[in-house]
Amino acid sequence: MYEPTPTSAPMPQPAASELLTSLLEVLRLRRSRRFARGMTMQGPLAHRSAAPAKSLSETELATLAFAACGITGHALAELNYAPGGGGTMMGSFLGRTVSSADAVHAVSVFVTNDEGTYYLKRPQDFSSDEYAEAVRLSANRDLVGLFRKSRVLLKAGRTAPPVAPPYNLDVNRWDLYAPGTTYFVPVNDYTYMYINGLLEFLNETMRIFVVDERRGFRPAGLAAFAGKRGHLDDTVSAGKTITIERLEQILQGVVIVEQGMMLQNLGLTAHAMGLGGFPNYAGHEFAWFDALDFRRQTMGTLDYLGATRATKLFGSLLGKNPPVHFPVGLEVDGRPLLRAYCPPYFPTMEEAVHAVVERKWGRQGLFGEGAKASAWLDPQAIAKAGARPSEQTIAATVAYCEYLFRTYGRFPAYAPPYKTNVGFQCGHLDREFYDKFYGRHALPEHWQR
């Protein structure tokens, strides 16, 4: 066995390339910079910009949109597709500028400015031919062409929720959605990722067993799939029993990290372009969905929070169960642009589960003809190994999902199907403000004055 000696020389390091040097410099100098042209600040940093507000050009907007969620090509998807290998968790073979668990691309991006409000298509929103054209535009660095192909106009002009609490925080009230700025808001979609993960968690290899912590830790619809005759392991010693809350925490953590990568890309790209930008709170449960005119469903607040029947009855008698609205999809001209894998877009949770199975293992699915849209040289041979889940795994997934919807009236049980957390505002900075309060070191010298 090789053992390094104390006198071993350090491994020689390759010379940093010009690209790496540039990237490291952007990382070093990246800052949140808020004060844009046309803004006014009160307090100790009081300043009124003498420069008029200036919107981003289409090239600037297209470049930022590409950084956030641009189409780049096919995922390599180098996983084990043999039975029990876990490879079939893949949700697509498509890629964009940020990584996504199982290439599901569970985060959508909306962008709004003074000119309009747009939805930016996810990889799965393109047909195979459209995606190939998007990849070509990306490879040719035609970001304006890619932006035009990717955007869906929702409405003319800026869209934004109120800035006053509780919709936002005091710290953001002075500058959010100011004229000339552009705002990016990522939206998490939990339902497809949830069902996709359940088909793995509830199979014969992982054998996870789920209990309902709000209902005395009883089985969450899975009692028939455990014990001596079942395939799920509910023994204490196995450590494979988790709660609904823990399962959904895992789901949310996997999805929300994708938002973080989008905002980091936006911050780095804005700096490289000489623009200001900063991430900020956008996590009000419903504000952005009201502003974007998502389709919503209504239930009592206590029902939404999963209260017991007695608590709901008592609250209703006292008038303490006001209605709450939560998003389930987005429609444009009567056509679903985003739809949750749950009612009302599917009659039952059983049909929603089977829709996910069909999307992956149907004739045109990911492990069917859809495998041709992959990076592999021999896609059919690899896809053939990605076997469909067993009927008992599908049945367990259906039972769990039906239990959640029957018990809590929605899916997921804790978060709504769609959720926002953070947004990113970008604009042309007022250099006079930074020179006045920080000196010339606050902005790089080469930035436009």
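What's counted below: heavy atoms across the whole structure, side chains too, no hydrogens, waters or symmetry copies. Residue indices begin at 1 and follow the sequence shown.
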Trainee: Residues in salt bridge (Lys or Arg N to Asp or Glu O under 4.0 Å) with E369, at least two apart?
Mentor: K372
Trainee: Against the six-membered ring of Y304, is R410 placed for a cation-pi contact (under 6.0 Å from the centre, within 45° of the normal)?
Mentor: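 Geometry flag: set, cation within 6.0 Å and 45°.
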Trainee: According to salt bridge (Lys or Arg N to Asp or Glu O under 4.0 Å), who are the partners of E78, at least two apart in sequence or on a separate chain?
Mentor: none
Trainee: Kindly write out the residues that satisfy salt bridge (Lys or Arg N to Asp or Glu O under 4.0 Å) with R215, not counting sequence neighbours, or none if the list is empty.
Mentor: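 Applying salt bridge (Lys or Arg N to Asp or Glu O under 4.0 Å) to R215 gives none.
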Trainee: With distance as the sole test, does R158 use its side chain to make a donor-acceptor pair with the main-chain N or O of A178 at under 3.5 Å?
Mentor: yes
Trainee: With distance as the sole test, does E358 use its side chain to make a donor-acceptor pair with the main-chain N or O of G365 at under 3.5 Å?
Mentor: no
Trainee: Using a 3.5 Å distance criterion without hydrogens, assess whether the side chain of R207 forms a donor-acceptor pair with backbone atoms of H231.
Mentor: yes
Trainee: Quick one: does R229's side chain have a donor or acceptor within less than 3.5 Å of a partner on G227's backbone?
Mentor: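 It does not hold such a pair.
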Trainee: Kindly confirm or rule out a cation-pi arrangement of K121 over F126, judged by NZ or CZ under 6.0 Å from the six-membered ring centre and within 45° of its axis?
Mentor: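 Positive - K121 is close enough to the ring of F126 and near enough to its axis.
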Trainee: Listed by chain and number, what are the ring pair (Phe, Tyr, Trp, His ring centres under 6.0 Å) partners of Y192, not counting sequence neighbours?
Mentor: Y341
Trainee: When the side chains of residues 330-337 are checked against the rest of the protein, which donor-acceptor pairs come out under 3.5 Å, sequence neighbours left out?
Mentor:
from, atom 1, to, atom 2, distance (Å)
E331, OE2, R295, NH1, 3.1
E331, OE2, Y345, OH, 2.8

Trainee: Does S150 offer a backbone N or O that forms a donor-acceptor pair with the side chain of Y118 under 3.5 Å?
Mentor: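 Flag not set: sc Y118 to bb S150 has no pair under 3.5 Å.
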Trainee: Tell me if a side-chain donor or acceptor on N203 pairs with a main-chain N or O of M206 at a distance below 3.5 Å.
Mentor: yes
Trainee: Report the C-alpha separation of L79 and M89 in whole Å, then their side-chain angles, then the decisive distance to 0.1 Å, and conclude whether the side-chain contact (heavy atoms from CB on, under 4.5 Å) test is met.
Mentor: CA-CA 10 Å; L79 298 172; M89 269 192 92; over 6 Å; no
Trainee: So, the side chain of R31 versus the backbone of R28: is there a donor-acceptor pair under 3.5 Å, distance only?
Mentor: yes
Trainee: Report yes or no: is the cationic atom of R214 (NZ for Lys, CZ for Arg) under 6.0 Å from the centre of the six-membered ring of Y414, at an angle within 45° of the ring normal?
Mentor: yes
Trainee: Closer than 3.5 angstrom, by distance alone: can the side chain of D290 be matched with the main-chain N or O of D293 as a donor-acceptor pair?
Mentor: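 Checked: no pair found.
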Trainee: Please list all pairs passing the salt bridge (Lys or Arg N to Asp or Glu O under 4.0 Å) test where one or both residues lie in residues 304-318, with sequence neighbours left out.
Mentor: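 Listed once each, the pairs are D303-K312.
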